[in-house]
Each structure stands twice: as C-alpha cells, then as structure tokens.
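Worksheet for the structure shown next.
Each chain gets a letter, A, B and so on, in the order the sequences are listed, and its residues count up from 1.
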Protein chains: 4
Amino acid sequence: MTLSVDVAPDQDRKGPGRPRSARVDEAIVEAVFELLSSGQSADAISIEAVAAKAGVGKATIYRRWPNKEALLTDAVLAMKGPPPELRGESVRDDLVTLIGTMRKKRMAQYGKAAACLMPELFKSPEMTRVYQGVMEPRREAMRSVLRRGIASGELRADLDVELALLVLAGPTLAQNMLRWNPNVPDEHFAENLVDFVLRGAQP
Amino acid sequence: MTLSVDVAPDQDRKGPGRPRSARVDEAIVEAVFELLSSGQSADAISIEAVAAKAGVGKATIYRRWPNKEALLTDAVLAMKGPPPELRGESVRDDLVTLIGTMRKKRMAQYGKAAACLMPELFKSPEMTRVYQGVMEPRREAMRSVLRRGIASGELRADLDVELALLVLAGPTLAQNMLRWNPNVPDEHFAENLVDFVLRGAQP
Amino acid sequence: MTLSVDVAPDQDRKGPGRPRSARVDEAIVEAVFELLSSGQSADAISIEAVAAKAGVGKATIYRRWPNKEALLTDAVLAMKGPPPELRGESVRDDLVTLIGTMRKKRMAQYGKAAACLMPELFKSPEMTRVYQGVMEPRREAMRSVLRRGIASGELRADLDVELALLVLAGPTLAQNMLRWNPNVPDEHFAENLVDFVLRGAQP
Amino acid sequence: MTLSVDVAPDQDRKGPGRPRSARVDEAIVEAVFELLSSGQSADAISIEAVAAKAGVGKATIYRRWPNKEALLTDAVLAMKGPPPELRGESVRDDLVTLIGTMRKKRMAQYGKAAACLMPELFKSPEMTRVYQGVMEPRREAMRSVLRRGIASGELRADLDVELALLVLAGPTLAQNMLRWNPNVPDEHFAENLVDFVLRGAQP
DNA sequence: CGTTAATCGAGACGGTACGTCCTGTCTTCGG
DNA sequence: CCGAAGACAGGACGTACCGTCTCGATTAACG
C-alpha cells in the first residue's frame with residue numbers, strides 16, 4: 001500500500017501575485033504539532049491558537065487548508081518518518097531496533113500527540129485512514145522480520161505473526177502513550193520487552 | 001490503596017425542601033458515559049448535551065457538580081466495577097479470566113470511553129488520580145496471580161512481574177481502545193494472548 | 001349580560017383539616033394588584049414576587065389558582081366595582097358622573113394597571129372576556145343615558161350613540177392610562193370633556 | 001422640538017476589520033417590530049427570539065446595543081414616519097387627513113405594538129422620552145390646524161385647543177390600540193369622528 | 001384529645017433566557 | 001499575496017429565575 005501525500009496540497013499554483021511562503025507552511029504544521037503534544041485534545045486546538053503560535057493570520061491558514069480536520073490530518077502525516085534501517089542479521093536485534101525507534105527522541109511527544117488524537121480517530125474516517133497509513137509501514141516491517149525468523153528457525157514454526165505483532169507493539173504503545181505501568185523502567189525497554197516475548201513466562 | 005468514592009458527593013444534606021432525586025444522579029452519569037463512549041472527546045462533551053441526553057435541566061447538574069471536570073471524574077469512577085473472582089487453581093486460567101473481564105460486555109464501550117478521556121488525563125491530575133484508582137485493583141490482582149505462579153513453579157523464578165503485567169495488559173489495551181491490529185480476532189483473545197505470553201516466541 | 005364571579009372559587013370545601021385563610025386570598029390578590037399598578041407588565045409579574053409580597057408560600061398560591069393567567073384574571077375581576085348611581089335628572093350631569101367615576105380615587109392606579117395588562121389582552125382570550133365583563137356595565141350605563149337624552153331632546157335625534165360613547169370614553173382612557181396630553185389639567189376634566197362633546201368645536 | 005436620531009448609533013467607526021452590515025441592522029429592528037406587533041409584551045421579547053427571527057447571532061445584537069431597553073427604544077424610533085402633508089384649504093379636511101394617517105396601512109400593527117410597549121413606558125423614562133418624540137410632531141401639526149381654524153372662524157373662538165386635541169386623538173388611540181368599542185365601524189372612521197367633534201352632541 | 005387534612009416554608013426539578021465568550025469563516029484594510 | 005483586525009452565525013458557558021412538584025413541620029377544626 002502506498003500513500004503519497006503532500007503536506008500543503010494546492011501549492012503548485014502559479015501566476016501573478018506574491019508566492020506563498022514555504023516557511024509559513026512549516027510554521028503552521030509545527031504549531032499544530034506542538035499544541036497536540038502539549039496535551040490539548042483535537043477539539044481543544046483552535047485555528048486561532050494555531051495562528052497565534054505560528055505568528056500568522058487566520059486567513060493564511062484558511063488559504064491553505066479548507067478546515068480544521070484537513071489541517072490536523074496533514075499535521076499527522078508530517079509525523080511520518082522514514083522506515084528504520086534494519087541490519088538483517090539477528091531477528092532479536094531487528095525487533096529491538098523496531099521497538100526502539102518507536103521510543104526514541106520525539107516519540108514521547110509523538111505518543112502524547114497520538115493519545116490526544118484518539119477521539120478524533122473515532123470521529124473522522126479520513127483521519128483514521130491517514131493514521132493507518134502512518135502505522136502500516138512499521139507494522140509491515142515487523143511482520144517481515146517475524147516471518148524471516150520463522151523461516152530461519154529463530155522463531156517457532158507455528159508462531160501467530162499477527163498476535164506476536166500485537167504483543168510487541170501493544171505494550172510499547174501503552175507505555176508510550178499512557179506510561180501505563182510506571183514501575184517498568186524506560187531504559188533497555190526494547191531489549192527487555194523483546195527478550196521477554198521471545199522467551200515467554202514459563203520456566 | 002483504598003479509594004472510597006461516592007458518585008454524588010453532597011447528597012447527605014438534610015433539612016427542609018424537596019430531597020434530591022437519585023434517579024437524576026444515575027441519568028446524568030449514564031448520559032456522560034454514553035456520550036463518552038460514542039466517540040466524543042472530553043472537551044466536546046458539553047454540559048448542555050449531557051443535560052439534554054439525561055432529560056434534565058442544566059441547573060440540576062450544576063447543583064451537584066461544580067464544573068465539568070468534577071462531573072467527568074465522577075463518571076469515570078462509576079465505571080469501576082467489582083474485582084473479578086478468581087478460581088485460584090491454575091495460574092493460566094486466572095490470567096485468562098483477568099484479561100477476559102477487561103474485554104467482556106461493556107468493555108468495548110469502556111475502551112472507547114477511556115480512549116476519549118486520554119487528553120483529559122494529561123490535563124487534569126485529579127482525573128489521572130481517579131483513573132489510577134480504577135485501574136490499580138485489577139493491576140494488583142494480576143500481580144498476585146503472577147507471584148503465586150512464581151511460587152508454585154508455574155512461572156519462571158526470575159520473571160519480571162511488572163514487565164509481564166505490561167505484556168499482558170498492553171496488547172489488551174491496544175486492542176480494546178484502538179482495535180490496533182484488525183487482523184487479530186476477538187474470539188479466544190484472552191486464551192490466545194495468555195498462552196502466547198506464557199510460551200514465548202522461540203521454538 | 002351577567003358575569004357571576006367568585007374570586008377564590010373552591011373555597012366552599014368543608015370537613016376536617018385546617019381551613020383556608022381568607023386573609024391569604026385578599027393578600028394575594030392585593031399583591032397582584034399592587035405589582036400591576038406599579039408598572040410591571042403581566043409577564044414581568046412572577047408568582048414568586050406575588051408570594052413574597054403577600055408573605056405567602058408559592059404552593060399556597062398554586063393551591064388556589066391553577067396558573068398565572070387565572071390569578072391575573074381574578075385580580076382583574078376584583079377591580080370591578082359597583083355601577084355608579086345616577087341622579088337621572090340632567091343628561092349632562094349623569095355623563096359627568098359616569099366619566100368622573102372613571103377617574104376618581106384608585107382610578108389612576110387602575111389605569112396604570114390596565115395599561116400594563118394590555119399585552120395580556122392580546123394573548124389571552126379569557127382575559128379579554130373578563131376585561132369586557134368589567135367594562136360592559138359602564139358602557140351600557142352610558143348608552144342608556146345617551147338614549148335617554150335623545151328621547152328627552154337634550155341630545156340630537158340623529159346622534160350616533162356608539163360613536164358618542166367612544167368620543168367620551170376614548171379621551172378618558174387615553175388620559176387615564178397614558179396621561180396622553182399633559183397639557184390638559186386633571187381638575188374638572190369630566191365637566192370640561194362632557195361640555196366640549198355636547199357643544200362641539202364649531203362656532 | 002427636534003429629535004435627531006440614528007438607529008444604529010456607533011456605526012461611524014472606521015479602521016481595519018470587516019465593516020458592519022447595514023442589512024443586519026434592518027433585520028434586527030424589523031424583527032423587534034414584528035415581535036412587538038404580534039402581541040408580545042416588551043419583557044416577553046427575548047434577545048434570543050429577536051436573534052432567531054432576524055437570523056442573526058446574539059453577539060451581533062449586543063455589539064450594537066448594550067441592552068434590551070436600548071434596542072427597544074431604537075425600534076420605537078424606527079416607527080417614526082414623516083409628518084403627513086396637509087392641503088391647507090379646509091380645516092375639516094385637514095383634521096380628517098391627520099386622523100386618517102393614524103389609521104392607515106401599518107397603523108393597526110403600530111397600534112398593537114404601542115399597546116404592548118405600555119408597561120415599558122412606565123418603567124423606562126428613556127423610552128417615555130422617545131415615545132413623546134415620536135408623538136409630538138403629529139400633535140403639533142394638529143394644534144396648528146386647530147389654531148388656523150380659530151383664526152379663520154371655522155372653529156369657535158373660545159375653543160380649548162388642548163382639549164380638542166385630546167378629544168380627537170383619544171378615541172383614535174382607544175380604537176387603534178384596543179378596538180375599544182367594537183360597534184364603531186372602521187370605514188369612514190376619521191370623517192365620522194371629525195364631523196361629530198365639530199358639530200357636538202346637542203341638537 | 002387525637003386524627004386528619006390543609007397550611008406554610010423550603011428547595012429540587014425541567015426549562016428558558018440571560019449576557020459573555022469563543023470558534024470557524026468571511027470580508028475589509030494597509031503594506 | 002500577506003498580516004492584522006473585526007464582523008458574522010452559531011453555540012456553550014455558568015447564573016438566575018420561573019412555574020411546578022414534593023417534601024417536613026405546623027396548625028386548627030372535627031370526631
């Protein structure tokens with residue numbers, strides 16, 4: 001599945017008049033992102049606040065996006081990064097890498113932002129679609145690693161790939177977004193999780 | 001930890017005048033819950049909408065709760081149910097029961113409601129506290145089952161209880177709230193998850 | 001036409017229990033009248049205000065009248081006084097008496113109250129009916145005086161009785177309710193008006 | 001006496017921002033007038049109802065008038081029309097014209113509206129002042145016609161002008177506002193009234 | 001004298017309107 | 001084209017009453 005997306009979709013206009021500033025685009029999307037990750041729910045984010053934070057007139061925003069939903073959608077799209085590069089040697093290491101990239105750098109922010117977007121996900125199917133588009137590549141990468149492990153004998157032959165995916169990503173999500181279990185330390189989270197999932201709880 | 005909570009806190013007033021109706025309390029909290037679990041974010045829930053849905057005047061709500069946050073907090077408290085009864089024979093069965101009760105009946109609604117409350121959790125520490133109060137009993141129940149398993153030899157002696165907790169609850173949460181991985185079926189979810197976590201992914 | 005009216009209609013109950021206080025009835029109607037003649041419109045008069053002014057509980061009012069309209073209606077009825085006694089000698093004197101009794105004593109208050117009731121007259125046909133019932137006897141008295149005058153030759157044979165009625169009552173009303181022309185003095189108003197109407201404006 | 005009045009008083013602002021819409025002003029005043037003449041008392045007219053009827057947001061009303069009283073006052077001002085043109089030949093004809101213009105076209109509406117405003121007149125001196133300002137020009141016009149009649153001998157030399165004014169306007173008012181005497185027909189009302197007043201009731 | 005029922009004050013109830021504030025959109029201004 | 005600023009329709013806020021209903025306590029006549 002390929003989702004090709006441009007952040008400011010009607011930018012290819014030409015002709016007379018002052019051209020649109022690319023800086024402005026970035027400033028707006030950045031402002032949305034900051035507001036989101038500061039714990040504001042989607043409906044609590046007003047165009048007015050975005051305009052103020054970006055140092056921009058309200059009209060300038062409406063010139064680029066038809067409404068708030070489109071703006072938020074584009075801001076979510078902008079959170080999408082390149083897929084992580086995998087070494088491809090050990091399945092365990094690749095899984096650790098994949099889980100780890102969900103937790104690095106801006107991921108604490110990302111997690112908070114994603115959590116704040118949740119009500120929006122239930123309301124807007126468009127937003128749901130975009131969110132899936134952001135998630136799916138990582139999911140697919142993990143699937144292929146798991147399948148490789150089955151083929152190479154590093155993982156059980158009868159492994160349920162989808163369930164394994166969920167068991168790896170679920171805790172990461174819960175911890176990222178909600179810090180669900182405060183007793184689990186952040187350090188070596190990825191390694192500990194992967195090792196646990198590989199080995200299981202039985203003796 | 002014990003959290004003793006009454007939903008309508010100042011009801012024990014006495015003296016002259018017509019007493020407050022208990023039906024009204026229920027109707028209001030129920031209305032909040034329905035709005036929450038229909039995918040409205042906390043800030044999108046207006047007191048006016050609650051009043052309309054409950055068939056109640058706005059003043060009747062304000063007579064009981066000083067503001068929206070208090071109302072939402074109490075509504076969350078009302079979601080707290082009794083802890084599940086465990087058979088106490090097999091650790092595996094008890095874990096299945098615990099995971100299962102997170103998914104039964106109204107839990108799909110509960111999950112959606114919880115997801116919609118997330119932005120509020122970041123804003124209101126009071127809400128965070130109450131949410132923890134609702135969660136902690138289940139967490140503690142699962143902890144003691146896990147410890148029992150270690151003692152009885154059903155689980156590894158070096159098991160990280162907190163991590164195990166997260167690995168069991170995280171996927172449940174992700175699936176409940178977000179239906180994160182649509183490829184994992186709902187049927188036998190608890191059994192499949194517990195068995196997977198017990199056994200691990202390795203051959 | 002006969003309108004038989006009792007102010008507090010269901011008073012004839014008997015049997016055990018504390019009887020209704022006649023004082024309370026009077027106090028309530030009096031309170032309504034005072035509020036009306038202090039320049040409050042009918043809708044601006046609240047049962048609460050009436051109860052407060054009469055020193056009575058709201059329930060006490062609702063026990064006697066089913067709603068505000070009925071209360072106001074009864075209060076209007078209470079404004080009805082006995083028809084004036086006419087000497088029957090001179091038509092001019094009898095007209096002066098009739099006009100004069102519209103202006104005596106409490107009539108300034110009555111006028112103000114009536115003015116404040118006007119919006120209600122448009123809304124409530126029941127109120128209209130009652131108001132007519134209060135007005136009609138005076139109107140009829142004046143008609144018979146006028147007809148007597150025609151018969152006795154004191155008035156023109158071709159006099160339009162209804163129009164004469166209006167020309168006598170209209171200015172009185174306008175001046176009572178609105179003090180419409182502040183340049184016309186209150187003293188000898190009735191005499192001046194009647195003499196003017198009798199004589200006309202021509203040389 | 002000259003009363004210069006503008007309906008929307010602070011409209012002459014300049015500077016940036018979207019200018020106020022003149023249509024909106026008209027729609028609001030028109031809505032007030034319609035509500036008034038549909039038999040609503042002044043206090044029964046809610047700003048909310050005005051806004052709804054005018055298809056306007058409440059804030060738009062409050063941007064122009066500080067409170068309900070000011071709005072009603074301005075609406076009354078808007079009822080003021082140009083003084084009628086008089087032929088100046090016969091006093092009788094001019095009086096008929098003056099009385100007649102009080103009864104034409106929208107005057108039935110005007111009468112009802114005025115009646116509904118009466119309670120307000122007792123409460124608000126400002127409203128009283130404005131109402132006088134609307135009435136006075138017509139009163140003055142009639143006075144000068146009467147004085148002309150005295151000078152020309154068409155009317156009695158010792159005529160009390162103010163009383164004559166009241167005798168002409170009072171019945172008109174009573175009939176306009178209250179349809180006080182339903183037995184007097186609307187057709188030829190002005191002619192009949194003026195002829196009656198000129199001639200008097202005596203033989 | 002005790003029963004009984006109507007009394008009164010008080011306050012909860014479902015509503016409606018208040019006047020304020022804010023949002024998303026639109027429209028103008030000056031640069 | 002851009003920023004700023006303000007008007008606009010709409011809607012929620014929290015308050016204040018309204019008319020009604022429902023209590024507890026009091027009170028006065030009847031049995």
Rounded to whole angstrom units, what separation is found between the [atom1] atom of [X] and the [atom2] atom of [N]?
{"X": "A/Trp65", "N": "E/dG24", "atom1": "CH2", "atom2": "C1'", "result": "16 Å"}
{"X": "B/Ile28", "N": "E/dG14", "atom1": "CD1", "atom2": "C1'", "result": "11 Å"}
{"X": "A/Asp43", "N": "E/dG24", "atom1": "CG", "atom2": "C1'", "result": "14 Å"}
{"X": "B/Asp25", "N": "E/dC13", "atom1": "CG", "atom2": "C1'", "result": "13 Å"}
{"X": "C/Glu69", "N": "F/dG19", "atom1": "CD", "atom2": "P", "result": "13 Å"}
{"X": "B/Asn67", "N": "F/dT15", "atom1": "CG", "atom2": "P", "result": "10 Å"}
{"X": "D/Arg20", "N": "F/dC8", "atom1": "CZ", "atom2": "P", "result": "7 Å"}
{"X": "C/Ile61", "N": "E/dG9", "atom1": "CD1", "atom2": "P", "result": "10 Å"}

Applying side-chain contact (heavy atoms from CB on, under 4.5 Å), can you list everything that pairs with [X], at least two apart in sequence or on another chain?
{"X": "A/Ala51", "answer": "A/Lys58, A/Ile61"}
{"X": "D/Ala49", "answer": "D/Leu35, D/Ser46"}
{"X": "C/Ala27", "answer": "C/Ala54"}
{"X": "B/Thr73", "answer": "B/Glu69, B/Glu126, B/Met127, B/Val130"}

First of D/Val56 and B/Tyr62 reached from the 5' end of DNA chain F, by closest nucleotide: D/Val56
First of B/Lys68 and D/Gly55 reached from the 5' end of DNA chain F, by closest nucleotide: D/Gly55
Exam field: side chain C/Ser37 to backbone C/Phe33, donor-acceptor pair closer than 3.5 Å: yes
Whichever of D/Pro66 and C/Thr60 has its nearest DNA chain E nucleotide further upstream toward 5': C/Thr60
Minimum side-chain heavy-atom gap D/Tyr131-D/Leu117 below 4.5 Å: no
Any side-chain heavy-atom pair of B/Trp65 and B/Ile28 under 4.5 Å: yes
N/O contacts under 3.5 Å, protein versus nucleotides 22-26 of chain F?
residue	atom	partner	partner atom	Å
F/dT22	O4'	B/Arg18	NE	3.4

Under-4.0 Å side-chain N/O to phosphate OP1/OP2 contact, D/Arg64 with F/dC8: yes
Base F/dG14 paired with B/Lys58 side chain (donor-acceptor, <3.5 Å): yes
Stretch residues 44-52 of chain D: residues that reach within less than 4.0 Å of DNA chain E through a heavy atom: D/Ser46, D/Ile47, D/Glu48
By salt bridge (charged side-chain N to carboxylate O under 4.0 Å, His left out) - contacts of C/Lys53 (at least two apart): C/Glu34
Side chain to side chain donor-acceptor pair (under 3.5 Å) partners for D/Lys68, two or more places apart: none
